[in-house]
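Read the structure below first, then the notes.
Just so we're on the same page: letters track the sequence lines, and every chain starts at 1.
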Number of protein chains: 2
Amino acid sequence: MTDACILIVDDEPAIRDMVAVALEVAGFKCLRAENARTAYTLIIDEQPDLILLDWMMPETSGIELLRRLRRDELTSEVPVILLTAKAEEDNLVQGLDAGADDYVAKPFSPRELIARVRALLRRRDLGRQEEPIRVQRLMYDPVSHYVSIDGVPAAMGPTEFRLLGFFLTHQDRVYSRDQILNHVWGGNVYMDERTVDVHIRRLRKALGDHDKLVQTVRGAGYRFSEKLVGN
Amino acid sequence: MTDACILIVDDEPAIRDMVAVALEVAGFKCLRAENARTAYTLIIDEQPDLILLDWMMPETSGIELLRRLRRDELTSEVPVILLTAKAEEDNLVQGLDAGADDYVAKPFSPRELIARVRALLRRRDLGRQEEPIRVQRLMYDPVSHYVSIDGVPAAMGPTEFRLLGFFLTHQDRVYSRDQILNHVWGGNVYMDERTVDVHIRRLRKALGDHDKLVQTVRGAGYRFSEKLVGN
DNA sequence: CACCCTTGTGTCGATATTGTGACAGTGGTG
DNA sequence: CACCACTGTCACAATATCGACACAAGGGTG
């Protein structure tokens, strides 16, 4: 979330830079494009997490690009915020109907923009597993953000919680330290693989007598499974 | 009631506008969406008081959207009226099973539609929390707008009162600062998330020795719960 | 048995997140 | 106008978590 990548599409360099700088200060990574063609290439290649799209641009307009994105399954999910000049506000419905997730009218305050960006990124993170998962006497409830064993709360840090969540939704399969790093820590972080070992250890401790669910596969990685206790 | 906000979801612009105009004349505020995606966004952001949902739509159908709404606690309460073509009437049971509160078959008279909308909104207003809520030695009375602990009045500001009310009706679940802002401050407010922290602090102080009911979930948000003291 | 590679464990400084008190601005009221 | 309650923001303190590291333990191999 902190290092989400945001594409800014606007034909005016001044606005492009202003927005980019504001977002970078707020901790986001930014890509810039000055027209729809460049933007499209970047979207395909870099798969940004969110797009800030100017409505009025020479050649292909923002709306056209937006429609194109929504049509293609590969790009139809990425959140888009439209940047519109005051005069265009009437057409807002058109923009939202084309598939924009939100809009910001120029001139806008960086604070507001960042707030909306954050809101959209957060929403992207929602809409996933909602039901509690039970394994043996272990209960994992993503809604209340809570894990218990025999009804007794199991204390663990946020990373262990995410790690457990990952395992519960990917059972009976070996994952290398590197894969676990990518899935649980999210994004392309380069970190010491041994860090995974440490958090595995912490997770096991938190799981008490269910620690056997997290299995070491020598030379390969880790596996979460009720079965396959041998090997 | 007079300024209730109604979301109209239909892929045909003609119907969308016809319905919207009729409702606006009747004194309602309207939002429009032409597909399920836009609709979902608006529902999350604007939290309409009622939804008119077309059954047949390209991509995600109305029924699918409805099921999704009912699954998520955040949106499971909003009343939904299905708009169906005559030919689809056979499937009505399916629609009602999915969680629709009512349906109107096309073509329909605006008069009938408005009557049904009014009826549903009335029911919503009745079903509103009117009874005092008790948790341990805490009593929260929305009618008299009054909170007490062991019969002793607990002084708190309006914001803390609303915050407490929100928590009491959404217990045992973690909410992010952003979600709390949207629910308690209402609508699209763009405010510093840390404001929530401060009001949490004020609420805890007002709750005296019941302050443990408001629990911090590191990296996630806050949760109101009698149980789940650990973690 | 000695060696080596892989994995497990405890601890520590740095960092991130949250709690707390203070302050200034606002709007209502007498 | 003075007063008061309430609100949002900030700076700083307190705390929890993270990633790295050092070392221990275990198992396989020649």
- Rounded distance in Å - NZ (Lys205(A)) to C1' (dT9(C)): 8 Å
- For Phe161(B), answer base if it contacts any base atom (sugar-phosphate contacts may also be present), sugar-phosphate if it contacts only those atoms, and nothing otherwise; contact means non-hydrogen atoms under 4.0 Å. nothing
- With sequence neighbours excluded, residues passing salt bridge (Lys or Arg N to Asp or Glu O under 4.0 Å) with Arg204(A): none
- Message: Checking His199(B) now: which residues fulfil side chain to side chain donor-acceptor pair (under 3.5 Å) with it, not counting sequence neighbours?
- Response: Glu160(B)
- Query: Roughly how many Å is it from CG in Leu203(B) to C1' in dT7(D), rounded to a whole number?
  - Reply: 15 Å
- Note on the structure: Taken in chain and number order and not counting sequence neighbours, the residues that satisfy salt bridge (Lys or Arg N to Asp or Glu O under 4.0 Å) with Asp197(A) are Arg177(A)
- Query: Looking at residues at least two apart in the chain, or sitting in another chain, which of them share a salt bridge (Lys or Arg N to Asp or Glu O under 4.0 Å) with Asp17(A)?
  - Reply: Arg32(A)
- Message: Whole angstroms only, please: what is the CZ-P distance between Arg204(A) and dG10(C)?
- Response: 13 Å
- Task: Measure the distance from CG on Leu181(B) to P on dG8(D) and round it to the nearest whole Å.
- Result: 9 Å
- Leu163(B) has an atom CG; how far is it from atom P of dG8(D), in whole Å? 11 Å
- Query: Rounded to whole angstroms, how far apart are CG on Asp197(A) and P on dT6(C)?
  - Reply: 12 Å
- OP1 or OP2 of dT17(C) sitting under 4.0 Å from any side-chain N/O of Tyr222(B)? no
- Give a yes or no on whether the ring-centroid distance for Tyr140(B) and Phe161(B) is below 6.0 angstrom. yes
- Item | Pairing residues for Asp150(A) by the salt bridge (Lys or Arg N to Asp or Glu O under 4.0 Å) criterion, not counting sequence neighbours | Arg137(A)
- Task: Find the distance Leu207(B):CG to dG19(C):C1' and express it as a whole number of Å.
- Result: 16 Å
- Message: What does the B/S/- profile of nucleotides 17-30 of chain D look like, 5' to 3', with a 4.0 Å heavy-atom cutoff to protein?
- Response: SSBBB----B----
- Starting from P on dT9(D), measure out to CZ on Arg177(B) and report it in whole angstrom. 14 Å
